[in-house]
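Values reported hereafter were calculated over all heavy atoms of this structure, with side chains retained and with hydrogens, waters and symmetry mates removed. A quick note: this is a predicted structure, and the numbers were derived from the prediction, not measured. Protein chains get the first letters and strands the later ones, always in sequence-line order, with residue 1 at the start of each.
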Amino acid sequence: MPRRTRPRAQDQRRQRHKDVLHDQGRRANDFRCVGCRLDVSVDAPGTAHRNHCPQCLASLHVDRRIPGDRASECRGRMEALAVFTRPDGEWMIVHQCLSCDELSSNRIAGDDNALALVRLALRPLQDTDRASRTLINL
Amino acid sequence: MSNTSNTLKINTFTCAWCGLTATKSTTDGALRDHCPSCLHSQHVTDQVEGGPSECHGRMSPIAIAVLRTGDWMLVHRCVRCDELTSNPVCADDNQLILMRMAVRPLAQPPFPLEALGSL
């Protein structure tokens with residue numbers, strides 16, 4: 001953003017050095033959603049591995065192969081692509097990176113937006129032509 | 001020996017899960033990468049780094065994804081290394097398994113769906 005104020009005069013005091021560490025401690029892993037700019041805390045009900053925004057379900061491509069390794073160079077935005085159920089009945093979200101098409105899956109959290117989840121689950125049935133053709137071919 | 005050009009050359013593969021022998025190309029010319037009967041696949045391409053994969057594990061179908069064009073994609077997960085891939089659905093794929101996967105989340109909702117009726 002361009003500077004809107006006049007540049008500081010030479011004799012003015014410089015800003016004091018701050019020694020508060022913002023990138024350590026309990027709130028270190030909190031993140032802001034790339035989709036809706038919601039501030040998200042990683043403490044979530046029902047899951048210890050929150051990686052997506054509870055409001056718009058968007059995520060960020062930071063992990064490579066192992067969840068939590070933070071080894072990916074991509075940093076692309078990951079959109080929720082599909083929902084599936086694990087054999088124990090838990091819903092999982094499949095995310096797809098918009099910049100490199102990589103896929104990843106994560107369990108839903110207790111405070112995820114129920115409407116967004118159901119809309120995602122209903123997406124295969126949304127196109128009635130495709131769904132009815134599949135039913136006819138059964 | 002001289003009429004080798006007349007012999008039928010069809011590339012086939014055997015499904016690692018149900019043992020069905022399937023052709024590698026479908027009737028509409030697209031390349032097939034999963035069994036049309038049980039929809040299982042094999043982990044041969046590395047999605048993270050690209051190129052061929054050393055894993056060769058069996059990949060089971062887990063989800064249906066929908067493109068913006070409305071086409072269905074099949075999401076597979078490798079049972080050995082848990083990598084995910086997505087492939088387009090072929091015309092002769094088993095529709096029962098496809099439909100079952102599409103409605104499976106709705107059969108086990110994590111919250112009561114009645115609450116959404118009041119929105």
Side-chain angles (χ1 to χ4, degrees), chain A residues 46-47 61 63-67 69 71-72 74 79-97 100-138, chain B residues 36 45-50 53 55 59-119:
Chain A
T47 180
H61 190 188
D63 291 344
R64 198 167 167 80
R65 280 189 201 274
I66 307 151
D69 62 0
S72 175
C74 175
E79 291 270 340
L81 180 73
V83 158
F84 71 97
T85 34
R86 273 201 319 223
D88 60 354
E90 292 282 356
W91 277 28
M92 307 277 286
I93 300 181
V94 180
H95 282 102
Q96 185 175 35
C97 179
C100 70
D101 283 348
E102 180 73 31
L103 299 169
S104 78
S105 67
N106 186 246
R107 200 167 80 94
I108 62 167
D111 56 351
D112 279 354
N113 188 349
L115 187 62
L117 286 175
V118 172
R119 284 186 62 179
L120 199 60
L122 284 174
R123 218 186 263 177
L125 308 175
Q126 207 171 25
D127 183 6
T128 46
D129 276 355
R130 182 67 178 81
S132 60
R133 241 187 306 140
T134 309
L135 277 178
I136 287 167
N137 286 337
L138 280 183
Chain B
T45 48
D46 194 329
Q47 299 294 316
V48 177
E49 276 151 21
S53 170
C55 177
M59 302 192 85
S60 57
I62 55 168
I64 303 254
V66 184
L67 295 180
R68 285 184 189 279
T69 55
D71 292 331
W72 283 10
M73 300 284 281
L74 196 54
V75 181
H76 283 100
R77 186 176 55 193
C78 178
V79 295
R80 277 188 69 195
C81 64
D82 283 345
E83 200 167 292
L84 298 170
T85 62
S86 70
N87 301 110
V89 166
C90 297
D92 55 351
D93 279 346
N94 191 338
Q95 309 284 324
L96 180 65
I97 298 182
L98 285 179
M99 208 62 196
R100 203 170 64 187
M101 255 190 305
V103 300
R104 175 88 197 279
L106 298 170
Q108 292 170 308
F111 33 78
L113 292 179
E114 288 82 13
L116 293 169
S118 59
L119 289 176

### Task
Might you work through the side-chain contact (heavy atoms from CB on, under 4.5 Å) test for A:L125 and B:M99, ending with a clear yes or no?
CA-CA 9 Å; A:L125 308 175; B:M99 208 62 196; 3.6 Å; yes

### Message
Please classify the contact between B:L113 and chain A as side chain, backbone, both or neither, with a heavy-atom cut-off of under 4.5 Å.
### Response
side chain

### Message
Quick check on the interface: out of B:V48, B:I64, B:L96, B:V75, who has the most heavy-atom pairs with chain A under 4.5 Å?
### Response
B:V48

### Message
Restricting to non-hydrogen atoms, name the atom on A:W91 and the atom on B:P105 that form the minimum distance, rounded to 0.1 Å.
### Response
CZ2-O, 2.9 Å

### Query
Looking at B:V103, B:D46, B:T85, which has the largest count of heavy-atom pairs under 4.5 Å with chain A?
B:D46

### Summary
Taking every heavy atom of B:I62 against every heavy atom of A:F84, the minimum-distance pair comes out as O-CB, 3.3 Å

### Query
At a heavy-atom separation under 4.5 Å, does A:P67 approach chain B through its side chain, its backbone, both, or neither?
neither

### Message
What I'd like to find out is whether the side chain of B:Q108 reaches to under 4.5 Å of the side chain of A:R86, using heavy atoms alone.
### Response
no

#### Entry: Structural part of A:S72 lying under 4.5 Å from a heavy atom of chain B
neither

### Message
Taking side chain as everything from C-beta outward and backbone as N, CA, C, O, which of these in A:L120 sits under 4.5 Å from a heavy atom of chain B? Side chain, backbone, both or neither.
### Response
neither

### Summary
chain A shares the most heavy-atom pairs under 4.5 Å, among B:L67, B:L84, B:D71, with B:L84

### Query
Roughly how far, to the nearest 0.5 Å, is CD of B:Q47 from OG of A:S104?
13.0 Å

### Summary
Heavy-atom closest pair (B:P110 atom, A:I108 atom, distance to 0.1 Å) is CG-CD1, 3.6 Å

### Query
Going through the checks in order, is the side-chain contact (heavy atoms from CB on, under 4.5 Å) test met by A:V118 and B:L116?
CA-CA 9 Å; A:V118 172; B:L116 293 169; 3.3 Å; yes

#### Entry: Which atom of A:R130 lies closest to which atom of B:V89, heavy atoms considered
NH2-CG1, 3.7 Å

### Query
Given a strict heavy-atom distance threshold of 4.5 Å, which part of A:R65 is in contact with chain B: side chain, backbone, both, or neither?
side chain

